[in-house]
Amino acid sequence: MENGIKLYVVVPCYNEEAVLPETSKRMLALFDEMKKGSLISAGSRIVFVDDGSKDKTWDIINSLAKQHTEIAGIKLAHNAGHQNALYGGLMTVKDECDCAISIDADLQDDINVIPQMVKHFTEGYDVVYGVRNKRDTDTFFKRTTAVAFYKLMHLMGVNIIFNHADYRLMSKRALGALAEFPERNMFLRGMVPLVGYRSTSVYYDRNERFAGESKYPLKKMLSFAFDGITSFSISPIRMISALGAVVCIISVIMAVYALVEKLLGNTGAGWASLMMSIWFIGGVQLLSVGLIGEYIGKLYKEVKRRPRYIIEAYVNEENGNDV
Ligand code: UDP
Ligand code: MG
């Protein structure tokens, strides 16, 4: 790498006409600076991915790409959603670059830590997570729901980085490993830690979106969270089994209670047998659903065909060199 790292910055854009001119201006300035410092090479690019926008986003990307060789664009045929647009962009550039950074179009994430991310890459890190220091600029609602979300994910056994969204650097080989995950339900911030290469974090303060509106209304946020959990965890299924076991235990207690009541003569005709059956059948049904769920959970894992392992390095292979 004579002239610095070949860096690709991938920016998903959905109806972002209000922010693109400013975003591209600031990013180009940063690119100039990094090129002057020989941190990144002349072949580095900013790639805007138009996620089926309905406004002038694509026209703007087009004219930006004509004016600046550093800027390139990809247009998706329809609105595939943030995660898919991001993944599509990363997969398109993965063979061209040394490393790629993903970042939102609205500059809420501080682009000034990009040089730091690239430096960590040169030190041998394959993944550099951008982590928010504080969330002052987010609304109270967004802050609390976000914290609840991270807590819940951990509870469900999903390994995600706290306060990290999709602002991160990935090396070419980390992107290659990510490409081995053929699943359709993309929850990138859960998938990247599964890649497992050496990683580190950089910290920054999150700004407010400087123009335009959030493309993540509550409905989308909830479905995103639900997607994250159901794509990574079969804990909800296990909860059904656990509930079934609890109800079965209650059914034994209820059976004893019903029998005692019957023997004491406190019951009407049929009450004891009804009481026992309702609890028992309820418990058996829940347990059965949980059992079927276990198999569905297994099927789900198989269907995703995730890689069983990812190789980090070889030593003493053929030419005796580490690769
Ligand atoms: N985005 C996208 N497709 C969508 C929704 C959003 O590509 O269907 C992009 C959007 O243009 C932005 C990023 O995803 O670059 C994050 O969206 P936003 O800033 O609105 O989310 P928030 O920061 O409010 O969570
Ligand atoms: Mg945003």
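Whatever order the structure lists ligands and atoms in, that order sets their numbers, starting from 1.
Atoms of the protein (N, O or S only) found under 2.8 Å from the Mg ion (ligand 2) are D106 OD2, Q108 OE1.
Salt bridge annotation for D109-R206: present, with a cationic side-chain nitrogen under 4.0 angstrom from a carboxylate oxygen.
Counting non-hydrogen atoms of neighbouring residues, nucleotides and ligands closer than 6.0 angstrom, the NZ atom of K262 reaches no more than 12 such neighbours. The environment of F280 atom CZ is sparse: at most 12 non-hydrogen atoms of other residues, nucleotides or ligands sit within 6.0 angstrom. No more than 12 heavy-atom neighbours from other residues, nucleotides or ligands sit within 6.0 angstrom of CD on E302. In K220, the NZ atom is crowded: over 12 heavy atoms of neighbouring residues, nucleotides or ligands sit closer than 6.0 Å. The number of heavy atoms from other shown groups lying within 6.0 Å of NZ (K304) is above 12.
Closer than 4.0 angstrom to ligand 1 by heavy atom are P12, C13, Y14, E16, D51, N79, G81, H82, D104, A105, D106, Q108, K142, R206, R209, S214, K215, Y216, K220, sorted by chain and number.
Cation-pi geometry between R189 and F224 is not satisfied (NZ or CZ under 6.0 Å from the ring centre, within 45° of the ring normal).
For the side-chain hydrogen bond (donor to acceptor under 3.5 Å, both in side chains) condition, the pairs that include at least one residue of residues 10-19, sequence neighbours left out, are Y14-K54, E16-R209.
Applying the salt bridge (charged side-chain N to carboxylate O under 4.0 Å, His left out) rule to E70 yields the partners K35; only residues at least two apart in sequence or on another chain are considered.
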